[in-house]
A.B. asks: 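Sharing a structure with you now.
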Amino acid sequence: MEKRVTPFQNKVYGACREIPAGRVSTYAELARRVGCASPRAVGQALKCNPFAPEVPCHRVVASSRELGGFSGKSSGAEVARKKALLLEEGVGFEDTGKIKPDFVWKFSLAKCDSSA
DNA sequence: CATGTGACGCCTG
DNA sequence: CCAGGCGCCACAT
């Protein structure tokens with residue numbers, strides 16, 4: 001049985017899959033990537049993420065560098081697991097528990113060739 | 001067709 | 001800097 005994912009969700013999953021390991025993206029960036037002005041819609045799609053772990057929804061965090069939510073929980077053990085996964089990928093966290101800006105992935109202007 | 005909810009973001013005070 | 005409020009899009013009922 002296929003998951004009746006709407007074209008919008010499919011787009012979100014596609015963008016999410018573009019996020020390399022050890023990096024994280026924000027709902028806002030992802031939303032803009034899919035052409036949506038509301039990050040909420042992105043969360044709706046990710047929470048339904050039927051293509052996991054093909055679609056690393058755990059690499060998507062809030063614009064404030066916070067973890068955001070996971071598995072349909074805005075906070076809780078699920079979110080803690082998400083943090084653990086990011087740590088496994090090599091993502092660094094601030095002392096405040098936030099993700100380091102250097103680990104936040106950039107979609108378009110992604111030059112990837114960090115010369116410095 | 002209308003209403004409610006949701007893994008958020010940005011502005012103002 | 002912190003706290004509060006409003007806006008937004010998509011989806012389910």
Side-chain angles (χ1 to χ4, degrees):
Chain A
M1 297 299 290
E2 322 310 329
K3 279 75 176 180
R4 280 179 232 108
V5 299
T6 65
F8 181 80
Q9 284 176 239
N10 204 308
K11 218 156 28 176
V12 176
Y13 303 141
C16 189
R17 286 168 66 189
E18 291 192 64
I19 307 174
R23 290 293 177 282
V24 291
S25 186
T26 69
Y27 297 102
E29 290 290 311
L30 234 141
R32 290 177 87 162
R33 171 77 175 169
V34 301
C36 183
S38 191
R40 292 198 114 97
V42 179
Q44 285 277 2
L46 290 176
K47 93 173 200 179
C48 211
N49 173 12
F51 292 94
E54 186 61 24
V55 177
C57 42
H58 64 265
R59 281 182 205 154
V60 188
V61 298
S63 69
S64 196
R65 296 336 113 73
E66 293 183 42
L67 289 176
F70 194 57
S71 194
K73 297 326 199 237
S74 40
S75 284
E78 303 300 338
V79 181
R81 191 109 50 241
K82 176 175 174 177
K83 180 177 169 187
L85 282 163
L86 294 173
L87 286 166
E88 282 291 295
E89 302 242 322
V91 179
F93 279 76
E94 291 287 347
D95 186 54
T96 57
K98 293 175 127 185
I99 300 171
K100 295 183 178 176
D102 298 277
F103 288 91
V104 178
W105 172 256
K106 241 55 169 154
F107 268 106
S108 354
L109 355 132
K111 282 331 164 172
C112 354
D113 102 297
S114 39
S115 328

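Note on naming: letters A, B, ... go to the chains in the order of the sequence lines (proteins, then strands), and numbering restarts at 1 for each one.
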A.B. asks: Can you tell me how far C1' of B:dT5 sits from CG of A:L46, to the nearest Å?
C.D. replies: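 The distance from CG of A:L46 to C1' of B:dT5 comes to 17 Å, rounded to the nearest Å.
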A.B. asks: Which pairs count as side-chain hydrogen bond (donor to acceptor under 3.5 Å, both in side chains) when at least one residue sits in residues 80-96 of chain A, sequence neighbours excluded?
C.D. replies: A:R59-A:E89
A.B. asks: Nearest whole Å is fine: how far is B:dA7 C1' from A:L85 CG?
C.D. replies: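 So the two atoms are 15 Å apart, to the nearest Å.
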A.B. asks: Sequence neighbours excluded, which residues qualify as ring-ring contact (aromatic ring centres under 6.0 Å, His included) partners of A:F103?
C.D. replies: none
A.B. asks: Compare side-chain N and O positions of A:S63 against OP1 and OP2 of B:dC10 and report whether any pair is under 4.0 Å apart.
C.D. replies: yes
A.B. asks: Identify each atom pair where a protein N or O and an N or O of nucleotides 5-9 of chain C are less than 3.5 Å apart, giving names and distance.
C.D. replies:
residue, atom, partner, partner atom, Å
C:dG7, O6, A:R40, NH1, 3.1
C:dG7, N1, A:R40, NH1, 3.1
C:dC8, O2, A:S38, OG, 3.1

A.B. asks: Does the side chain of A:T6 get closer than 4.0 angstrom to OP1 or OP2 of C:dC11 through an N or O atom?
C.D. replies: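 Answer is yes, contact under 4.0 Å.
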A.B. asks: Can you name the residues that form a side chain to side chain contact (heavy atoms under 4.5 Å, CB included) with A:C16, not counting sequence neighbours?
C.D. replies: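 For A:C16 the side chain to side chain contact (heavy atoms under 4.5 Å, CB included) partners, ignoring immediate neighbours, are A:I19, A:L46, A:V55, A:P56, A:V60.
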A.B. asks: Rounded to the Å, how far apart are A:K47 NZ and C:dA10 P?
C.D. replies: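 Atom-to-atom, A:K47 to C:dA10, this comes out as 16 Å.
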A.B. asks: With sequence neighbours left out, write down each residue that passes side chain to side chain contact (heavy atoms under 4.5 Å, CB included) with A:S64, or none if nothing qualifies.
C.D. replies: A:E66, A:K98
A.B. asks: Rounded to whole Å, how long is the line connecting atom CG of A:L30 with atom C1' of B:dG9?
C.D. replies: 14 Å
A.B. asks: Take the protein atom CD of A:E78 and the nucleotide atom P of B:dG6, then report the distance between them rounded to whole Å.
C.D. replies: 17 Å
A.B. asks: NA contact type, A:C57, heavy-atom cut-off 4.0 Å: base, sugar-phosphate, or nothing?
C.D. replies: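 It contacts base atoms.
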A.B. asks: Partners of A:C36 by side chain to side chain contact (heavy atoms under 4.5 Å, CB included), sequence neighbours excluded?
C.D. replies: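 In terms of side chain to side chain contact (heavy atoms under 4.5 Å, CB included), with neighbours along the sequence ignored, A:C36 is linked to A:F8, A:A31, A:V34, A:S38, A:A41.
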A.B. asks: Side chain of A:A28, heavy atoms from C-beta onward: which of B:dG9, B:dA7, C:dA10 has the nearest atom to it?
C.D. replies: B:dG9
A.B. asks: Let's see if you can work this out: which of C:dC11, B:dA7, B:dG9 has an atom nearest to the side-chain heavy atoms of A:Q9?
C.D. replies: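 Of C:dC11, B:dA7, B:dG9, C:dC11 is nearest to the side chain of A:Q9.
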A.B. asks: Determine whether A:F93 and A:L67 make a side-chain contact, defined as any pair of heavy atoms from C-beta on separated by less than 4.5 Å.
C.D. replies: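 The answer is yes, as the side chains (C-beta and beyond) meet within the 4.5 Å cut-off.
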A.B. asks: Determine, for A:R17 against A:E54, whether the closest basic-nitrogen to carboxylate-oxygen distance falls under 4.0 angstrom.
C.D. replies: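 Looking at A:E54 together with A:R17, the answer is yes, because their closest N to O distance falls below 4.0 Å.
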A.B. asks: Can you check the A:R32 CZ to C:dA10 P distance for me, whole Å?
C.D. replies: 16 Å
A.B. asks: Out of B:dA7, B:dG9, C:dC11, which nucleotide sits closest to the side chain of A:N49?
C.D. replies: B:dA7
A.B. asks: In whole angstroms, how far is the P atom of B:dT5 from the NZ atom of A:K73?
C.D. replies: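 Nearest whole value for this atom pair: 18 Å.
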A.B. asks: Between P on B:dA7 and CD1 on A:I99, what's the gap in Å once rounded to a whole number?
C.D. replies: 18 Å
A.B. asks: Which of the following nucleotides, B:dA7, C:dA10, B:dG9, is nearest to the side chain of A:F70?
C.D. replies: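 When the side chain of A:F70 is considered, B:dA7 is the closest of B:dA7, C:dA10, B:dG9.
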